[in-house]
Amino acid sequence: MATPENTPRARHARCRAENIGEREFYPRIVLGEYFQAQFQALLATASTRGHVVHVKANHRVVDVELGKNDIAVEVQHADGEKARQAFDHVVMATGHDWPETTETKPGFFISPWPAENLDTIGDVSVGVLGTSLSGIDAVVSVATSHGSFMLDEVGQLQYHTEAASDFHITMMSRKGLLPEADFFCIVPYVPLTLFTEEAVDHLIETAGDRLLDELFNLFRAQLFSDDPAYAERIGLGLLTIETIADAYFAGRERYDPFTWASLNLGEAKANKASKTTVAWRYSILRMHEVLLHAVPHLNAKDLKRFHKHFKALFVDDYATVPHQSIERLLALHRAGRLSVLKLGSDYQLDIHVVENGAVISVGEDRYRYEAFIDATGQHAVSAWDVPFPSLIRQGVVREALTEKAPSALAAREDTANVATGGIDLDSQFRPRFEKPLSHNLYCISIPFLLHKLPFVQGITSAEDLGTIVASAIIEVSFKGSVNRSADQIELARKD
């Protein structure tokens, strides 16, 4: 007899104390309840220490305007009324920016969130653009509204539905690959031996316009040191920035995506049980966090090379997904309700030629979907996408500038820098500008940071950004307090 996967008993089994760990994944609703509890605990602690904290739920910030000594924030209340209030410091942590209505035309969704919006999708052909965790979440949301995941007699997950045969989901991406299952590794991380922060900092200071290539040489040396067999297998010694991603993905591309997913899941489960770490995966995982510090120092040419060729393998390595997510995809595929489409780099998405959903064209082939979900996630945005009109009008947010390559500098010294996306921020995430206005505005909204900080994501990044900004606010406040005290002493002397 099949057993529902999401019964209280099944959930309890997955959440036993022995199954809780630093490298585990948990349902979003469980995480939400945990973070809410942590937030309430922080508020209570702040209150006992004499801080006054006001939490304004169901209030929307509609504008931010810098003054000479303060920052005005205009807020729209739940009842539609607006009010302005001035603050000494303001932190923009707006996160991902999705419209309230994600179904922008019948059957076309520009985001899988909120998931309940997808409940309107009927027994039709469904296209999901994106094969990462967001794409998987979209697939599972649609699937569970049409059926159930059940454990069979031997404990294997199966999908059961009474939906019409027209109900079928197609996930698609340029490479047509599914993400790999989360792999076991040692936490806290074992220190790297070659690709260290000290070595990377030295390259930042000395490598000049060869920074990216020198970083790649250091990357190769570390990978050869950690897993020489893997390095030899992919021909690492002959690879370049431009060819490393092709070699990294080559093995998976030779397989059907579901065959690879099944093999990889089996390996990941076995390694978790035996506490075996795959050396090359662990090496790349650790290096991406060190590499992040060097990306803002790349010139415009190499920043483009990095995003186009080198970034993908790091993202693939750290963006592994829960084992349960892979199990669900395999169950849907076995039930004949899920397939994967490889788009390549030259495809067309058209939402105007059909009344519902969208059409995807790949070469001479056309694929029609009655419902279509863009699950590619939040993309990097420019300074002009800041949702607060006064900041645009005041000219205090501008696109981040990156130094051109030396050959371009020689041609035109007056255009030594080019805009490369995001907001131009200093090391404490404050917008750079010269006007005599408050400099106590901080931007840690992820979409505006992605171009220069491509690996910023998750709770650890939020903690890092919050620590930097909190330290900056404390420093400014302390200096202000010292300066005020000095002024008071000077006035006392004069009196």
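Throughout, residue positions are numbered sequentially from 1 according to the sequence presented.
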Just by modelled atom types, is the [Y] backbone N or O under 3.5 Å from a matching donor or acceptor in the [X] side chain?
{"X": "Arg368", "Y": "Val359", "result": "no"}
{"X": "His307", "Y": "Lys304", "result": "no"}
{"X": "Thr161", "Y": "His146", "result": "yes"}
{"X": "His288", "Y": "Val315", "result": "no"}
{"X": "Asp166", "Y": "Asp123", "result": "no"}
{"X": "Arg334", "Y": "Leu157", "result": "yes"}
{"X": "Lys342", "Y": "Met172", "result": "no"}

[X] side chain to [Y] side chain, donor-acceptor N/O pair below 3.5 angstrom:
{"X": "Gln40", "Y": "Gln38", "answer": "no"}
{"X": "Ser145", "Y": "Asp119", "answer": "no"}
{"X": "Ser339", "Y": "His168", "answer": "yes"}
{"X": "Glu180", "Y": "Trp260", "answer": "yes"}

Requested in this report: Return the orientation label for the Trp280 and Tyr248 ring planes: parallel under 30°, perpendicular over 60°, tilted otherwise.
Outcome: perpendicular
Report task. Assess whether side-chain contact (heavy atoms from CB on, under 4.5 Å) is satisfied between Cys185 and Val187, documenting all intermediate values. Result -> CA-CA 6 Å; Cys185 67; Val187 178; 4.1 Å; yes
For the aromatic rings, using the six-membered ring if either is Trp, is the centroid distance between [X] and [Y] under 6.0 Å?
{"X": "Phe109", "Y": "Phe372", "value": "no"}
{"X": "Phe183", "Y": "Tyr282", "value": "no"}
{"X": "His439", "Y": "Phe433", "value": "yes"}
{"X": "Phe314", "Y": "Phe310", "value": "yes"}

To the nearest 0.5 angstrom, please state how far the [atom1] atom of [X] sits from the [atom2] atom of [Y].
{"X": "Leu313", "Y": "Tyr318", "atom1": "CG", "atom2": "OH", "answer": "11.0 Å"}
{"X": "Ile241", "Y": "Arg305", "atom1": "CD1", "atom2": "CZ", "answer": "5.5 Å"}
{"X": "Ile244", "Y": "His309", "atom1": "CD1", "atom2": "NE2", "answer": "12.5 Å"}
{"X": "Leu437", "Y": "Ile71", "atom1": "CG", "atom2": "CD1", "answer": "9.5 Å"}
{"X": "Thr131", "Y": "Ile136", "atom1": "OG1", "atom2": "CD1", "answer": "7.5 Å"}
{"X": "Arg84", "Y": "Glu65", "atom1": "CZ", "atom2": "CD", "answer": "5.0 Å"}

Under a 4.5 Å cut-off applied to non-hydrogen side-chain atoms, are [X] and [Y] in contact?
{"X": "Val61", "Y": "Asp63", "answer": "no"}
{"X": "Pro387", "Y": "Asp385", "answer": "no"}
{"X": "Met287", "Y": "Glu289", "answer": "no"}
{"X": "Trp384", "Y": "Ile392", "answer": "yes"}
{"X": "His333", "Y": "Val340", "answer": "no"}
{"X": "Leu291", "Y": "Val200", "answer": "no"}
{"X": "Tyr255", "Y": "Leu263", "answer": "yes"}
{"X": "Leu129", "Y": "Ile373", "answer": "no"}

Report task. Could you give me the CA-CA distance, side-chain angles and deciding distance for Asp152 and Met150, then say whether side-chain contact (heavy atoms from CB on, under 4.5 Å) is met? Result -> CA-CA 6 Å; Asp152 63 18; Met150 311 280 282; over 6 Å; no
[X] [atom1]: over 12 foreign heavy atoms closer than 6.0 Å:
{"X": "Asp365", "atom1": "CG", "result": "yes"}
{"X": "Gln348", "atom1": "CD", "result": "no"}
{"X": "Glu162", "atom1": "CD", "result": "no"}
{"X": "Arg393", "atom1": "CZ", "result": "yes"}

**Report entry** Residue pair Glu463, Thr467: steps toward the side-chain contact (heavy atoms from CB on, under 4.5 Å) verdict
**Finding:** CA-CA 6 Å; Glu463 180 184 17; Thr467 299; 4.2 Å; yes
Heavy-atom pair with the smallest gap, counting every atom of [X] and [Y]:
{"X": "Thr144", "Y": "Ser141", "answer": "OG1-O, 3.1 Å"}
{"X": "Ala472", "Y": "Tyr442", "answer": "CB-CE2, 3.8 Å"}
{"X": "Leu330", "Y": "Ser262", "answer": "CD1-CA, 4.0 Å"}
{"X": "Ser438", "Y": "Asp70", "answer": "CB-O, 3.8 Å"}
{"X": "Leu212", "Y": "Asp302", "answer": "CD2-O, 3.4 Å"}
{"X": "Pro106", "Y": "Asn356", "answer": "CB-OD1, 3.0 Å"}

Check this for me: does any side-chain nitrogen of one of [X] and [Y] sit under 4.0 Å from a carboxylate oxygen of the other?
{"X": "Asp426", "Y": "Arg432", "answer": "no"}
{"X": "Arg366", "Y": "Glu364", "answer": "no"}
{"X": "Lys272", "Y": "Glu267", "answer": "no"}
{"X": "Arg252", "Y": "Asp316", "answer": "yes"}

Requested in this report: Check the pair Tyr159 / Phe149 against ring-ring contact (aromatic ring centres under 6.0 Å, His included), numbers first and verdict last.
Outcome: CA-CA 5 Å; Tyr159 179 70; Phe149 291 97; 5.1 Å; yes
**Report entry** Result of checking Val397, Val386, Leu425 against Phe448 for side chain to side chain contact (heavy atoms under 4.5 Å, CB included)
**Finding:** Val386
Query - Candidate pair Val75 and Lys56, rule side-chain contact (heavy atoms from CB on, under 4.5 Å), full reasoning - result: CA-CA 10 Å; Val75 176; Lys56 301 287 187 179; 6.0 Å; no
Query raised in the report: Is it true that the NZ or CZ of Arg286 lies under 6.0 Å from the centre of Tyr189's six-membered ring and within 45 degrees of the ring axis?
Result: no
Query raised in the report: Hey, mind stepping through Arg60 and Glu74 against salt bridge (Lys or Arg N to Asp or Glu O under 4.0 Å) and telling me if it holds?
Result: CA-CA 9 Å; Arg60 179 184 295 275; Glu74 184 175 357; over 6 Å; no
